[in-house]
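A, B, ... follow the sequence lines: proteins, then strands. Residue 1 opens every chain. Not measured: the values here are computed from a predicted model.
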There are 2 protein chains.
Amino acid sequence: MKRFKNYPIQGGGRRDSSHNGGMANSTKASKPADGAGARTARRRASITDVARAAGVAVGTVSNVLNKPDRVLPATRERVEAAIAELNFVRNGSARQLRAGTLTSVGVVVLDLSNPFFTDAARGIQDRLERDSFTLMVAGSDEDLDRERRYLRLYEEHGVQGVIVSPATDDIDHVLALRERGTAAVLLDRPSPVPELASVAVDDVAGGRLAVAHLIAQGHERIAFLNGSHSIRQCRDRREGAAAAMTDAGLDPETALVEITVPSLTPQGGEAGIREALALPAASRPSAVFCVNDLVALGVLRTLRREGIAVPEEMAVVGYDDVTFAAELATPLSSVRQPTLELGTRAADLLFRPEDSAPEQVVFEPELVTRESSAAR
Amino acid sequence: MKRFKNYPIQGGGRRDSSHNGGMANSTKASKPADGAGARTARRRASITDVARAAGVAVGTVSNVLNKPDRVLPATRERVEAAIAELNFVRNGSARQLRAGTLTSVGVVVLDLSNPFFTDAARGIQDRLERDSFTLMVAGSDEDLDRERRYLRLYEEHGVQGVIVSPATDDIDHVLALRERGTAAVLLDRPSPVPELASVAVDDVAGGRLAVAHLIAQGHERIAFLNGSHSIRQCRDRREGAAAAMTDAGLDPETALVEITVPSLTPQGGEAGIREALALPAASRPSAVFCVNDLVALGVLRTLRREGIAVPEEMAVVGYDDVTFAAELATPLSSVRQPTLELGTRAADLLFRPEDSAPEQVVFEPELVTRESSAAR
DNA sequence: GGTAGTTTTTGAACCGTTTCACGATCAGGG
DNA sequence: CCCTGATCGTGAAACGGTTCAAAAACTACC
């Protein structure tokens, strides 16, 4: 710590690029002769500075950095000493500009605060870490413009590839980016075109699993608290739910009561279940399938408040199998997705050899049954 | 989608001498014999290409990009057409190398899958988005080496600043980085030195709040399910808990029963509370303070299974006030931290004017009381 | 038509690396 | 003593932008 007492001046004087920048650059070149030494070049040391300090050519410094065995140990040590001395840190921009290799990957997810996506991001990072790639993560909040902006930014930064969970069905910009030479993989979304790799979980199957399970428990009228159909996951789960009905000889038109919740949160769930409860007794469902666990949380809370027994009077199934699903007052049945693996697999696909065909991976979800949907 | 069927051809034909443009490229870059592929080998268009296509000088193209009002509308349009035509995307590395301005910020947090940190990251992103900064996020998993590695990577990439929640007390590398000219802010950790800005929540106060509350409810012997003392947050919360005891005239030595849980998870909580319950009746606590809500979750679950009434026989307080705390069978009292604001504030500090002194922000936590610690 | 002033455009220099053809140096064999 | 090869080290040429002094093209006005 004390070591740094010397430096603060460094931070204080700022490079005033505007007026004397040009002058200082060409005329004076550097170092207006101060005896104090030590507090010299505020500019980050460059490879040239190192070369001068070590009394070698820049090429040699570069070799020390990149191909150490090509330089004599004696020279190498001298250079390394200079590097330490000057506190030299490579300039990645120059490096990439010349060499063309940067090791970073950009990720755009729908929602930074959704555990589903952060777990996936974690998976991506785990996989990428081996090759010391850097992750850049951003959340689009389901906004197409924001998604585009981040992808463009990533591309300018020269990322090696991008992994994106698209906000809408419009993925032209992803295709275009890929055409320009940046690898791309869709996350949580099957690719609509064969040229683009993707990793997804079969949401139709997930919806089907949940509803088939409820039917097997004897329910014949099921509410589906769903989000907006503009979100693909919502559409697909709905489709699966309906299919399960048809499989069982029920008519989705009447047996599946879809209710659109105002938001995918506990509050949304509360509003949704109240709407279901308000239905005339004759058409009132005996079970609810929730499009995610947060919604289910609100449903459970409301049912408890209303004194409606779960699962006896109303069965509940959620989606995502979040950490706390098993720990609730009434442990919640839920459809589990292999979140982490989703991420690692996406990262894998990013770096497949050029000539191999893009791959479309689809994981199967799995139903975890707990008390909230136990047989009556 | 169909639109892009054309692209490969466009790319091929565009390159001067349309017939063998592709070949010319591949002489150097190999990649012979690609049938349908065609997308390979295409060099990204550069500003020079655009200039040539538009019949202007490179400087003009640059101006169109950066100072559009300095170029005549007619010229601008011509250039813009060329840009669109060639599918030109700026090369950020070159841009930064010359101009020195890159707009990205690196963040290193302890744990990517912890909602606390992802919420903070969200706050950071929200704040940074205005200036279209890019976020690069990484998790250190409490490993100092990994933390160092990511910071170094960020520095090489030339980020504008870093926000880091340090894994250990050793922050020399952060200071060094800052001395080299990269802005830095500590997250969730008060800075030990005045030169470094930081944003934190007062964990001592948090621990004190929780325990003082329990004492006010009449508890005189309180278990503290804590994590390893190598984690600063754990140390501080413990300190606060003990202080609350002293404040109330109790002796922490006997009144505060600290139990170290094997992990900061529900499973850890279960193990911890079992240890507490195994104590001889005389020294058995009547309340538990848990170092985070996940631990509290396990405690609640175990108590329920054991038929111990909450809060009548055992009161429980958690930490973090996660989303579902209020939604549990027994709604959980918890210490809330202004997570999002933590992030936005950290981002703010990053870009304060050079000459202003680094600022140390400490937020006060807040106790949210619910049923799990209601008066008996 | 000439002059001065203003707006546009130009083009070369430069940012900090990597790369690579080319010298230097040296050991050993003929 | 010369030649050959191998090993090290050199230094200039990219990479693709931004900058800025200076040239060019206009404008307005006498």
Side-chain angles (χ1 to χ4, degrees), chain A residues 15 17-30 41 43-79 83 86 88-103 155-158 180-181, chain B residues 28-29 43-79 83 86 88-103 155-158 180-181:
Chain A
R15 57 164 77 244
S17 43
S18 48
H19 53 288
N20 76 347
M23 233 186 108
N25 263 348
S26 47
T27 326
K28 296 196 149 191
S30 56
R43 211 182 72 251
R44 245 168 78 160
S46 82
I47 210 178
T48 319
D49 300 327
V50 173
R52 196 174 333 150
V56 298
V58 290
T60 306
V61 178
S62 178
N63 280 336
V64 169
L65 256 24
N66 303 310
K67 306 160 184 174
D69 41 318
R70 281 207 192 159
V71 2
L72 228 45
T75 329
R76 192 193 322 162
E77 271 162 34
R78 214 147 31 95
V79 171
I83 287 176
L86 296 180
F88 168 72
V89 176
R90 259 211 290 258
N91 179 325
S93 303
R95 180 178 170 68
Q96 180 192 4
L97 175 58
R98 180 59 238 241
T101 38
L102 179 61
T103 51
E155 190 179 2
E156 290 190 1
H157 279 290
R180 275 182 243 114
Chain B
K28 172 192 169 186
R43 197 176 47 100
R44 248 167 78 159
S46 83
I47 208 176
T48 320
D49 300 328
V50 174
R52 198 175 332 153
V56 299
V58 290
T60 305
V61 178
S62 178
N63 279 337
V64 169
L65 257 22
N66 303 308
K67 306 159 185 174
D69 39 319
R70 282 209 193 158
V71 0
L72 231 46
T75 328
R76 191 190 324 160
E77 270 161 35
R78 211 143 36 90
V79 172
I83 287 177
L86 296 181
F88 168 73
V89 175
R90 262 212 289 259
N91 179 326
S93 303
R95 180 178 169 71
Q96 181 192 5
L97 176 57
R98 181 61 238 242
T101 39
L102 179 61
T103 51
E155 191 178 2
E156 289 191 1
H157 278 291
R180 273 182 246 114

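Mapping A/Val89 and B/Arg78 onto DNA chain C by nearest heavy atom places B/Arg78 at the nucleotide closer to the 5' end.
Ranking D/dG17, C/dT18, D/dG9 by closeness to the B/Ile47 side chain, first place goes to D/dG17. The side chain of A/Thr75 sits closest to D/dG9 out of C/dC15, C/dT18, D/dG9. Considering only the side chain of B/Val71, C/dT9 comes nearest among C/dT9, D/dG17, C/dT17. Here the nucleotide nearest the side chain of A/Arg90, chosen from C/dT17, D/dG17, C/dG16, is C/dT17. When the nucleotides C/dT9, C/dT17, D/dG17 are ranked by their closest atom to the side chain of B/Ser46, D/dG17 comes out on top.
For B/Arg76 and C/dT7, the CZ to C1' distance is 14 Å, given to the nearest whole Å. To the nearest angstrom, P of D/dG17 lies 8 Å from CG of B/Asp49. Atoms CG (A/Asn66) and P (D/dG9) sit 15 Å apart, rounded to a whole Å. Counting to the nearest Å, the P atom of C/dT7 and the CG atom of B/Asp69 are 12 Å from each other.
We find the CZ-CG distance between A/Arg52 and A/Leu86 to be 9.5 Å, quoted to the nearest 0.5 Å. B/Phe88 CZ to B/Asp49 CG: the interatomic distance, rounded to the nearest 0.5 Å, is 9.0 Å. Put simply, CG on B/Asn91 and CG on B/Leu97 are 9.5 Å apart, with the number rounded to the nearest 0.5 Å. Expressed to the nearest 0.5 Å, how far NE2 of A/His157 lies from OG of B/Ser93 amounts to 9.0 Å.
Side-chain atoms of A/Glu156 do not come within 3.5 Å of backbone N or O of B/Val89 as any donor-acceptor pair.
In this structure, the helix from C/dG1-D/dC30 to C/dG30-D/dC1 shows an angle of 60° between the axis at its start and the axis at its end, each fitted on 5 base pairs and rounded to 10°.
Interface remark: the A/Arg98 side chain does not form any donor-acceptor pair with the C/dT17 base, using a distance-only criterion of under 3.5 Å.
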If you look only at distance, which donor and acceptor atoms sit under 3.5 Å apart when one is on a side chain in residues 55-75 of chain B and the other is two or more places apart or in another chain?
{"residue": "B/Ser62", "atom": "OG", "partner": "B/Asn66", "partner atom": "ND2", "Å": "3.3"}
{"residue": "B/Asn66", "atom": "OD1", "partner": "B/Arg90", "partner atom": "NH1", "Å": "3.4"}
{"residue": "B/Asn66", "atom": "OD1", "partner": "B/Arg95", "partner atom": "NH1", "Å": "3.4"}
{"residue": "B/Asn66", "atom": "ND2", "partner": "B/Ser62", "partner atom": "O", "Å": "3.1"}
{"residue": "B/Thr75", "atom": "OG1", "partner": "B/Leu72", "partner atom": "O", "Å": "3.4"}

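The shortest distance between side-chain heavy atoms of B/Glu155 and A/Arg44 falls below 4.5 Å.
Using a 4.0 Å heavy-atom criterion, one finds that A/Leu97 contacts the bases of the nucleic acid, with or without backbone contacts as well.
For the segment residues 56-64 of chain A, residues with any heavy atom less than 4.0 angstrom from an atom of DNA chain C are, sorted by number, A/Gly59, A/Ser62.
For A/Arg95 and C/dT18, the shortest distance from a side-chain N or O to OP1 or OP2 is below 4.0 Å.
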